[in-house]
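Lettering follows sequence order; numbering is per chain, from 1.
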Amino acid sequence: MSKPVTITLPDGKTLAFDGPTTGLQVAEKIGARLAKDALGVKVDGELRDLTAPITHDAKVSIVTYKGRDGTISTDALYLVRHSAAHIMAEAIQRVVPEAQLVYGPPLEDKFYYDIKFPDNRPLREGDFAKIEEEMKKIVAEDRKFTRYEQAREACMTRLASEGNKYKVDNAERAIKADPNAALSFYATGEPGKNFEDLCRGPHVPSTGRIGAIKVLSLASSFWHGDENSDRLTRVYGTAFATQAEMDAYFALKEEAAKRDHRVLGKQLHLFHIDEAVGQGLILWTPNGGIVRDQLQRFISEELVKQGYFQVFTPHIGRLELYKTSGHFPYYKESQFAPVIEREALEELSKSGCSCSEMMHRVEGVSARLAATINERTAKQTITPDRVLADDKLIEGFMLKPMNCPHHIKIFNSRAYSYRDLPIRLAEFGTVYRWEQSGELNGMTRVRGFTQDDAHLFCTEDQVAAEVLGCLSLVKIVLGTLNMNNYRVRVGLRDPDGKKYTGTAAQWDKAEAACRDAAKTLGVPFSEEPGEAAFYGPKIDFVVKDVIGREWQLGTVQVDYQLPVRFGLSYTGSDNKPHTPVMIHRAPFGSMERFTGVLIEHFAGAFPTWLSPEQVRVLPISEKTNDYAQKVAATLRAKGIRATVDDGNDRVQGKIKVAAEAKIPYMAIVGPRDAEQGMVSLRIRGVEKDAGAMPLATFADAIAAEVAERRAVLGVKP
RNA sequence: GCCGGCGUAGCUCAGUUUGGUAGAGCAUCGCUUUUGUAAAGCGAUGGUCGCAGGUUCGACUCCUGUCGCCGGCUCCA
C-alpha cells in the first residue's frame, strides 16, 4: 500500500491523495481549465515536469503561463525556453546532421544551444529560415516531451557509442555534482523513435505548448568557457507561450535600440569617439559637455552641503605611489603601460636590456620601501625577489587607474586630530584603465573616465554615519533624475575566506554599518557573501531604467588596507596615533557611464535643466526675426540656453528639426506674438500648439523649472 | 584578447555576386518663396570607397596584413 499524500496549494487549501500523484492530477482536481493551461509544477519550490510523481506531502503550485496576478510567469518561460532549445537542436540536426549537440540552457529572455559543427559545414545565418521551418513543424506535431531515466552504466555506454564526447562529459559532470543523481533523457515524442537528448529537465508537456519560437543569432563560445578548449557555435533563439508576447518582446528590443546611447549620442551630437584618439576614449562634444557640466554642478552643490572638500589632482603619478598602494604591478594587466623616463629608456636600449628584464626592473621595489610596507602590513607583502638595488630601479609614471593614492597623499600632507575627522575629499577624477578591446562599449565601458569620486577618512566609530551619508546623496541625485527604481547589493566577506585584511571585529562592525545603511534607503537590497573587496565590504548600486534594464553604477567601499599601507594616522583623544578608516565612494561610477545610462533612460529627451538647448525660438518668417532675437536674448539673460532658428524654412520644417533635436520648448513667434509681447509655445511630447503666453512669464517659469531641476516639463501657458 | 559579421560623403544607406576609379536622401551653401505648429521649390558643394601591401593592362570590387565598429565569449581592483 502506498502512503497517502497531502498537497498544500498556494492559497493554503489542501488536497488529499491516496498515493503518489502528479502536478497534472493536482491541476485536474482543481479544475479542467487549469489542467489544460498547466505547463509544469513547482513542488516545494522546485520546478518539475507536470507528470513527475509527487510521492510525499508537499507544497505545490501549478505553473501556468500567466500567474493569478496576470503577470507572465518566469517559471513558465523557463520551461518554454528550455523546451524550445530541444526543438531548435532537433531542427538544426535535420539541417546539419553532423552537428554535435553540447549544451543548451534557457536564459533570462532567450535560450541558446552550443553546438559543434564540422569545419566544412559551419552554420550560417542563411540557414535560419530552414531551421525555423523545421522548428515550426515540430511544434505543429505537438509531440509529448517524454522523460525516462537510464542506469548509469547503460547511459555512459550509450553516450560513448553515439560518439559525442561533449554529452559524455556532461553526464560525467552530472554524476560528479551529485553521485546519487539519476541520468535522464527527454524524447521529443516517443523514446526510441523521436529526437532524444540527455537532459535534467523539466520541460513543458508537449511541443505544441510553445506559441512562438525563433532563431535569433550566432556567436562563438568555448567548451566550458575555456579558450584553449574546443570552439563551439552558440545558436541563440527565443520562445514565448504566445505570438503576441513575442511581438511585444521584439517591440521592446526595438525601443531599446532606439534609445541606444551610441545612436542618440551621434544624432544629438552628445559625444564622439575617434579612431585617431583611441578606443574607449570619449570626446565630449558641446552638447554632451553641457549635460556633464550640469550634472557635475548639481553633484558638487550636494557635496558642499554634505561637508566635502573639493580637491584636484594630476592624471599621472610615480610608479612608487602605486607600488605602495599595491596596484602596481598587481593590476598591471588592466592598466596602461607605465611611462618610463626618456633617459632611462635610452640607457636601457643602449645596454641591450631584454623586455622581461626591463619589466622586472620597472616592477622592482627599493629596499627602503619594501621594508616600510612589510613593517606596516606586518607581513612579507613585498617579497624579496622584487627588491632591487637603487641603481637597478627604473623610474616612471603611470596614468592613474584610480584616485585614491593621490587623495591619500593630500590627507597625509598635514596632521589631523580626531576632532578634524571625518575628512571628505571629492574630485571629478579622471582615471585610465586598460579594458579589453572586446569589452569597450560606447560610453558605458571605456578606457578613460571621470569618476565622481571621493575618499572619506574617518574613525571606526564614524564609518556607519559616513556610509549612510554616501547613500543619502545617491538617493537625492537619483530621485532628482526620476530614477527611483534601483536596488543595492551589499558585498560581504566570504565566511571561509582568508584573503581579507583587517580584524574580524572590524569586519563585523563595517558589515553591520553597510547593512544598516542599505536598509534605511527603503529600496530592495541583497546581501552577497563573498562579494566584498579584500580590504572591506561594499555597497553597489544597480539602477533600473524606464524600460526595465538594469545598470550597475557606483559603489561605496569601506577600506582598512590602504591607510595601513600608506601609514596614515590621526591623533586620538588619548594623544596617540590611530589609523583612520577610508571609505571610497563613486556613487555614479563615472560621468561617462552615468551619462550613457541617462541618455538611454531619457531616450535623449533630457529634463529641461540637463537639455543642451532648452528653448528654440522659431520665427514664422523673416519679418519676426528681430523679435525672435529679442525673445532669445530675454531668455538668455535669465540663464536659459535659447537659440533662434532664423533659417529660410517654413515653420513646419523648423518644428520638425527642433522636435528631432528633442528640445524641451519651442517658442514660435509671428507678428501676432510680436505685437503683444507673447510667445506661442510648443512643448516636447505634446504634438500641438500649446497656446501663447507673455514672454516675461515664460522666461520666469522656465528659469524656475531649471533652478529646481524638475524632472518633467511643467511650463504651460 | 578570442570567434563571427561589418567599415562607401558630416549622417543613414545603395553599388561589390559577374574588376573598367562611385550614387541617393538628409545635413551644408546659394537662389526663389515671406510662410502660424513634424520638411516649399530649384541649383551647387562634398568621397584617394578605414589604412597598407599584393594580384591585374586596370581594384570600392579579388587576396594578405592591419586599424576600428557591432554581436557574442572571456574580463571588470
Side-chain angles (χ1 to χ4, degrees), chain A residues 107 110 112 114 122-125 216-236 257 260 262-263 265-269 272-280 322 325-328 330-335 401-402 404-405 431 433-442 444-447 449 532-536 538 552 555 557 559 561-562 584 586 589 593 618-625 646-661 666-674 679-684 686-692:
Chain A
L107 304 172
K110 52 191 172 187
Y112 68 80
D114 277 350
L123 194 70
R124 294 181 201 89
E125 292 198 358
L216 289 177
S217 60
L218 293 177
S220 90
S221 66
F222 296 102
W223 195 21
H224 301 153
D226 173 5
E227 65 180 78
N228 299 314
S229 190
D230 294 8
R231 193 167 295 141
L232 308 170
T233 302
R234 179 163 296 182
V235 189
Y236 281 94
D260 190 321
R262 296 166 303 192
V263 175
K266 225 176 237 180
Q267 269 170 22
L268 304 176
H269 310 292
H272 174 65
I273 298 173
D274 197 284
E275 259 188 58
V277 175
Q279 286 184 285
Y322 302 102
S325 71
H327 289 101
F328 185 81
Y330 190 61
Y331 293 112
K332 67 178 175 184
E333 297 304 315
S334 43
Q335 291 162 175
M402 77 297 299
C404 16
V431 299
R433 299 182 188 180
W434 190 258
E435 302 288 352
Q436 293 189 53
S437 64
E439 256 319 310
L440 299 171
N441 182 286
T444 56
R445 196 72 190 271
V446 293
R447 281 185 173 162
F449 53 96
F534 68 90
Y535 51 73
K538 64 175 183 177
Q552 151 90 56
T555 66
Q557 304 187 357
D559 181 358
Q561 174 72 3
L562 281 180
H584 309 246
R593 175 175 291 186
L618 311 181
I620 277 167
S621 77
E622 258 173 36
K623 290 173 186 164
T624 41
N625 276 1
D646 58 3
N648 209 2
D649 288 331
R650 298 194 304 171
V651 72
Q652 290 91 327
K654 293 179 183 179
I655 286 170
K656 180 170 197 301
V657 171
E660 280 173 353
M666 293 179 224
I668 294 158
V669 294
R672 268 201 323 260
D673 305 285
V679 292
S680 292
L681 216 55
R682 195 176 158 117
I683 302 164
R684 186 179 64 205
V686 182
E687 295 190 357
K688 60 177 184 187
D689 184 353

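Side-chain proximity of A:Arg650 to the nucleotides B:C75, B:U35, B:A77 is greatest for B:U35. Set against B:G1, B:C67, B:U35, the side chain of A:Glu275 has B:C67 as its closest nucleotide. Each of B:A77, B:G72, B:U34 was ranked by its minimum atom distance to the side chain of A:Glu622; first place goes to B:U34. For A:Glu687, whose side chain is taken as the heavy atoms from C-beta onward, the closest listed nucleotide among B:C75, B:G36, B:A38 is B:A38.
The base-pairing partner of B:A22, taking Watson-Crick or G-U wobble contacts with both distances under 3.5 Å, does not exist among the strands shown. Pair assignment for B:C2 gives B:G72, based on Watson-Crick or G-U wobble hydrogen-bonding distances that are each under 3.5 Å. With a cut-off of 3.5 Å on both pairing distances, B:U56 has no Watson-Crick or G-U wobble partner at all. Under the Watson-Crick or G-U wobble criterion, with both distances below 3.5 Å, B:C29 is paired with B:G43. Within the shown strands, nothing qualifies as a pairing partner of B:A38 under the Watson-Crick or G-U definition with both distances less than 3.5 Å.
Going from the P atom of B:U56 to that of B:A9 covers 30 Å, rounded to whole Å. Here the separation of B:U34 from B:A27, taken at their C1' atoms, is 23 Å to the nearest Å. Distance check on atom P: B:U21 versus B:G25 gives 22 Å, rounded to whole Å. Only the C1' atoms considered, B:U33 is 15 Å distant from B:G43, to the nearest whole Å. For the C1' atoms, the distance from B:G72 to B:U16 is 27 Å, rounded to whole Å. Comparing B:C51 with B:U18, their P atoms are spaced 24 Å from each other, to the whole Å. Rounded to a whole angstrom, the distance from the P atom of B:G65 to that of B:G1 is 16 Å. Here, B:C60 and B:G54 have their P atoms 14 Å apart, quoted to the whole Å.
The CD atom of A:Glu660 sits 17 Å away from the P atom of B:G25 (whole-angstrom rounding). Going from atom NE2 of A:His272 over to atom P of B:G10 covers 11 Å, rounded to whole Å. Whole-Å rounding puts the A:Lys266 NZ to B:G7 P distance at 14 Å. As a whole-Å value, the separation of A:Leu232 CG from B:C2 P is 18 Å. Spacing between atom CG of A:Asp260 and atom C1' of B:U12 amounts to 15 Å, rounded to whole angstrom units. Straight-line distance from the CZ atom of A:Arg682 to the C1' atom of B:A39: 13 Å, rounded to whole Å. Counting to the nearest Å, the P atom of B:C70 and the CD atom of A:Gln279 are 9 Å from each other. Taking atom CD on A:Gln267 and atom P on B:C26, their separation rounds to 17 Å, with Å as the unit.
For A:Asp689 against B:G36, a side-chain-to-base donor-acceptor contact under 3.5 Å is absent. Between the base of B:C3 and the side chain of A:Arg234 there is no donor-acceptor pair shorter than 3.5 Å. Contact annotation: side chain of A:Lys656 to base of B:A38, donor-acceptor pair absent below 3.5 Å. Between the base of B:U33 and the side chain of A:Asn648 there is a donor-acceptor pair shorter than 3.5 Å.
Counting non-hydrogen atoms under 4.0 angstrom, A:Met666 reaches nothing in the nucleic acid. Looking at heavy-atom distances under 4.0 Å, A:Tyr236 makes contact with sugar-phosphate atoms alone, never a base. Within the 4.0 angstrom heavy-atom criterion, no nucleotide atom of any strand lies near A:Thr233. Within the 4.0 angstrom heavy-atom criterion, only backbone atoms of the sugar-phosphate kind lie near A:Arg262; the bases stay farther away. Among the atoms of the strands shown, none is found under 4.0 Å from any heavy atom of A:Gln552.
Each of A:Arg445 and A:Lys110 was matched to the nucleotide of RNA chain B holding its nearest heavy atom; the match closer to the 5' end belongs to A:Lys110. Nucleotides of RNA chain B nearest to A:Ile620 and A:Ser437 differ in position, and the one nearer the 5' end is that of A:Ser437.
In this structure, A:Ser325 contributes its side chain and A:His327 its backbone to a donor-acceptor pair below 3.5 Å. Remark: side-chain polar atoms of A:Arg433 are paired, donor with acceptor, to backbone N or O of A:Pro401 under 3.5 angstrom.
Between A:Lys623 and B:U35, a side-chain N or O to OP1/OP2 separation shorter than 4.0 Å is present. Between B:C75 and A:Tyr331, no contact under 4.0 Å exists linking OP1 or OP2 to a side-chain N or O. Residue A:Ser334 places none of its side-chain N or O atoms closer than 4.0 Å to OP1 or OP2 of B:C76. Look at A:Lys688 and you won't find any side-chain N or O under 4.0 angstrom from OP1 or OP2 of B:A38. Applying the 4.0 Å criterion to OP1 and OP2 of B:G71, one finds that A:Asn441 has a side-chain N or O inside that range.
Note that the CD1 atom of A:Ile620 and the CZ atom of A:Arg672 stand 7.0 Å from one another [nearest 0.5 Å]. How far OG of A:Ser334 is from CZ of A:Arg447: 11.5 Å, rounded to the nearest 0.5 Å. Expressed to the nearest 0.5 Å, how far CD1 of A:Ile683 lies from NZ of A:Lys688 amounts to 9.5 Å. A distance of 13.0 Å separates OG in A:Ser621 from CG in A:Asp649, rounded to the nearest 0.5 Å.
Across every non-hydrogen atom of A:Ile273 and A:Gly442, the tightest pair is CD1-O, 3.9 Å. Contact between A:Phe328 and A:Gln335 at its shortest, heavy atoms only, is CD1-NE2, 3.5 Å.
Of the residues listed (A:Arg650, A:Glu660, A:Arg682), the one engaging A:Ile655 in a side-chain contact (heavy atoms from CB on, under 4.5 Å) is A:Arg682, and it is the only one.
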